[in-house]
Each structure stands twice: as C-alpha cells, then as structure tokens.
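These notes are about the structure you will find just below.
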Amino acid sequence: MSLKSINPKQTLAWKKLQAHFDTIKDEHMSKWFSNNPNRPSEMSVEWDDFYLDFSKNRITSDTLSLLKDLAEEVQLKDAISQYFKGQKINKTEGRAVLHTALRAPKNAHVLFEGVDVIPDIYDVKNKIKQFSEAVISGDRKGFTNKVFTDVVNIGIGGSDLGPAMVVDALSYYGNHLKLHFVSNVDGDHVNEILKKLNPETTVFVIVSKTFTTQETLSNATTIKQWFLKNATQADIAKQFVAVSTNIEKVKAFGIDPQNIFPMRDWVGGRFSLWSAVGLSISLAVGFDHYQAMLKGAYKMDEHFKEAPFEQNIPTLLAMLSIWYNNFFKAESEAVIPYTQYLNQFATYLQQAIMESNGKSVDRNGQRVEYQTGNLIWGEPGTNSQHAFFQLIHQGTKLIPADFIGFAKSLHGNQDHQDKLMSNFFAQTEALLNGKSEAAVLKEGVATAVVPYKIFEGNRPTNTFLINQLTPESLGKLIAMYEHKIFVQGIVWNIYSYDQFGVELGKQLAGKILREFSEENKAEHDASTKNLIARYKSIR
Ligand code: F6P
C-alpha cells in the first residue's frame, strides 16, 4: 500500500471551490455574522478542554462542504489509515511515519513490518523514567559525587526545537534542574553556555537521530574536551548520555552503551519529541508530566482518526489553510499564543511545517502547478501586538492567524489574566470587523487623517480557548499541528516526511570548509569566490 497520487487541481471539488471563491472573495464576514446569529455555534468545535471557534473565517457553509468534498476526493481517510498503521508513507526515504505509536497506550498494538513496536517503545520509556528520576532525586551523581544541577541538550533541528520549546512551555511544572540547549555550530553559542556550567554537576544529553550532524558532533566534541579538562575518560559514563538511531557512532564517540537511549528511523526528526529525544523534557519536568503530554497527544490522535469532518480540528485547520493558501493566495500564517510560556512555539512550528510541506514535486514526480507549504511565524500576544500587528490589521497582505488562549493562568493573577484575555478577544474582533469611515468620522478625526484610521477588517482568525496550559493540553496542541501538516501534505499531493532541501547547503558547506585550510581549488560563482577570499584574508 502507498499513498495515492491525486492532483488536487484536477478534482471536481477544487474546480467548484474556484468558482465558489469567485463568488465570495469580496464578501465581508461581518455581513454573515449579522445575517446568521448561529454562525459561532455552527462553526465551532468543543472537544475535551479545547474550544475552537472558526467562525471568523471567510467561509460559508458551502465552502465547508466543498472543502469536505476535496478531502474526500483526495482520499484523506485512506491516507490517515496508512499513516497510523505504519505503512511506508515516507516513500522517498522508504520509511513509515510512526511518531503516533510513541504516544499510544501500553495495551495498544501497532505493527511495523509485522512486529508490534509498542513493547520496545515502553522499554525505552522505562529507561527514560529511571534515568530522569535518578537524576532529579539526586540518586545518580556526577564524577565527584555531587548531585546534578544542570542539564545540557546538545542537538539541532528536531533534536533541539521540540525539547527546547516544551521545556520552556512547561517551565511552571519544572523542578530544580536548569536546562540549557546548545544547537548552533557558532562556537559563541556553546561557549556562552559553558560559562554558566560546573562540569561536576551537569548532565550532557547528546541528541542526534543520525549522529552524523556537523553542528551536534562539533558541539559535543567541544563540550567533551572542556569536561575532560577536569575529569577523566572514565567519568564520561557518569555524565554523558546519547539519544540516537546510530548506536555504533554513539559508541565510537565514547558514550557508554548503558547510556544510549535508542530511537527508530520511523520517527522523523521534527516529530521526535515523543521519542527518547524527549529525555530532556522528562529531566526538566519529571517523567509523569512528560507522560501526561504524550497522553494529550494520544487523545488528539484518536480525535483526528475518529471525528467527522465538521468536528475534526486538525482537518478543519488544514482545509482552511488550503482555502487561504490556494484560493486567496495568502502566503503566510501567524500563530499567536496568548501565553509567554509558548514563546518558542512558532519557532518550533516553523521546522515542523516548513520542513514538511516546503516541497514542489508531487507524488507522481511532477512539479506541482499550485502553491504548497505556507510560511509560518508568530510571537506571543500581547508582545506581538506591539510589534507586527500593524501589518496584520492595516497592511496589504492577507495573514490568517491562529489565536491560542488559555482560560486559566498558571500563577493565578486574575488582574493580569483578565487584561491578557481582553486583548486576546479584542484583537480577533478588530480583525473581523475593522473600523469604518463613519466610525472614524464620529470620533472627530481631522479629515486628512481619516483614511489612515480606517480598518478594513475581514481578516481571518481561528480562536482556540483552552482551559489551562498543562502537559496534557500542550501535547494535544502539538499533535493537532502535526496532523494539520499531514492533511495538507495529502491534499497537496506531496511527500511531507523527507527533507532533501536541507542537503545541498550542507554539502557545499563541507566543500567550502575544506577550502579554508587548503588552496582554493573548487569552482564557485564569482560572488561566492570573492566572499570566500575576503573571509580568508581577514578571519
Ligand atoms: O535540518 C535537517 C535535519 O535532518 C532535521 O530534519 C533534523 O531534525 C536535524 O537535521 C537534526 O538531525 P539529527 O537528529 O540527525 O542530528
């Protein structure tokens, strides 16, 4: 079995959507609200502790039913079943995409090539639990017998962004351990972090699915050398652990086999925080919280598999995004969480979304004749209101935005929480309704300034009102976007789970690096050649 290759533009639904778009593209949403008081209840989903209001979108019930037809015509249901059943839907790399198995309960059975992967997953989880509990409790100590105070996660891309985002997001649930993330090959990054550390009380977690990534191996080597200034080779086993699929390379680096947390090649880097890549999360917030996050993701998986189109949160989000991307020609989407804890959420989503769906060849090997992956960006509100919201409100670009708010704050300061949430609701209301010329005139504004104070409105938003930011609700939120990515890849008829686009630059960098220490013999365009020569003369 493999994913079907259906050109979405050739479907009847796409053609109907195009005709439908032409009839409603200039309509103002506010009119639909005036005409239909039930619009919010007709266009919302209440599920567990999530409430999604998607009524502030430039859609009618006809749009929704055509988007549903499109999902059916590209055989989304069949694709979902292949995804969860461990079929090799990552065809270009010959791999399954089974991060969902990592959050399945212990009594589940998920077969990959005829073998149930669940027992193995739970063995690794058990190892994560024991290790993190021993470090947190102080039972496991460093080479001078001191308890640990700090943890450094050394990884990049999916081996960094997921754990870094979650550790930050769940810092309220954190323990005494201080987490640090070293990712960039920029030596100043690792050196700034080393400045803060005591080698006797720090655990080093080297995370690399392939264990061949230049950045991670360079940083791990620099950190090992720094550690060995104070400790012996034998002490490495006390403080260095690794997460990888490449056991041989990890051993060659000098990590004790006992300290290896294995992962499988059916987990994509950008979807790997549910695997042993989440070790730093478990260290930061404890295994139980880590497990609660996985439980939340599992609940979202079940919802995605079972809920009908009209109530299926990831599918609705994906189809709405396609509506804007392919019909309104919107190029980007914003994600605005109204909590500072989700400060790194958009950065995390950038890899998940853009590395997955930034593709231009379809599942037939042909160049696509429509737009695929959108740009994704964002920052927490209210900070973002004072940064880029001007452009969303009054700029020339259409930027659909997800607003993510939590009804209860974690520290319980109601005064701040009410101010925060009043902004949350105000922004989507302003984006919907705008401000008319008449309303501006009524304020007595000088005539010459009136045009500048008008807001067109009609800017689409999705509003998520979630009870509280907990490990479980965070797990649901992350899994929700993972499935949105999947649905979009299916509709766009692309392969979402490879990332060949990051290879070319890596290869060229290797070549250029060699040139720094040798005579410059390689062929380059004139600009690059000149820049390399200048660098060599002044470095
Ligand atoms: O940037 C490309 C990439 O392969 C990502 O997909 C991955 O998350 C990252 O590099 C790190 O790879 P690894 O975990 O193998 O070091």
Side-chain angles (χ1 to χ4, degrees), residues 89-99 102 124 128 152-167 181-186 189-190 204-224 240-253 255 259-281 344-359 373 375-376 478 481-482 485-486 489 494-510 513:
I89 61 168
N90 177 2
K91 196 175 170 194
T92 43
E93 293 184 332
R95 291 176 184 157
V97 178
L98 263 182
H99 50 273
L102 296 161
V124 177
I128 294 174
V152 182
N153 187 96
I154 309 156
I156 195 164
S159 298
D160 165 71
L161 292 165
M165 179 275 287
V166 172
V167 166
F181 290 84
V182 179
S183 52
N184 201 323
V185 78
D186 174 2
H189 189 192
V190 62
F204 301 97
V205 184
I206 309 171
V207 189
S208 178
K209 181 177 167 183
T210 55
F211 225 77
T212 58
T213 305
Q214 182 200 51
E215 291 90 336
T216 303
L217 293 188
S218 302
N219 284 325
T221 304
T222 298
I223 289 175
K224 188 167 79 171
F240 282 73
V241 303
V243 178
S244 188
T245 56
N246 196 338
I247 308 301
E248 289 316 309
K249 280 240 166 14
V250 178
K251 285 193 208 153
F253 183 85
I255 302 278
N259 290 345
I260 302 176
F261 294 78
M263 61 188 284
R264 303 286 162 212
D265 77 355
W266 41 251
V267 188
R270 51 194 175 273
F271 304 102
S272 64
L273 64 89
W274 321 101
S275 72
V277 170
L279 180 60
S280 300
I281 303 172
Q344 297 186 49
F345 196 55
T347 311
Y348 161 78
L349 286 179
Q350 282 177 336
Q351 188 204 14
I353 294 174
M354 300 205 276
E355 200 167 85
S356 299
N357 286 337
K359 311 288 167 63
L375 304 168
I376 186 89
I478 302 169
Y481 280 105
E482 288 180 346
I485 292 166
F486 169 83
I494 52 177
Y495 287 114
S496 300
Y497 297 98
D498 60 26
Q499 55 286 316
F500 299 123
V502 295
E503 290 307 320
L504 179 60
K506 276 194 210 169
Q507 286 161 10
L508 290 179
L513 181 62

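All heavy atoms count here, side chains included; hydrogens, waters and symmetry mates do not. Ligands are counted one by one from 1 in listed order, and the atoms in each one are counted from 1 as well.
- Remark: Ser244 engages Phe211, Asn246, Val250 in a side-chain contact (heavy atoms from CB on, under 4.5 Å) (not counting sequence neighbours).
- For Lys91, there are no salt bridge (Lys or Arg N to Asp or Glu O under 4.0 Å) partners, not counting sequence neighbours.
- Cation-pi geometry between Lys224 and Phe240 is not satisfied (NZ or CZ under 6.0 Å from the ring centre, within 45° of the ring normal).
- Lys359 pairs by the salt bridge (Lys or Arg N to Asp or Glu O under 4.0 Å) definition with Asp498, not counting sequence neighbours.
- Taking a heavy-atom cut-off of under 4.0 Å, ligand 1 is surrounded by Ile156, Gly157, Gly158, Ser159, Ser208, Lys209, Thr210, Thr213, Gly269, Gln351, Glu355, Gln499, Val502.
- Note: Tyr481 and Phe345 have perpendicular aromatic rings, judged against thresholds of 30 and 60 degrees for the angle between ring planes.
- When atom types are taken as modelled, the side chain of His189 and the backbone of Phe181 share a donor-acceptor pair closer than 3.5 angstrom.
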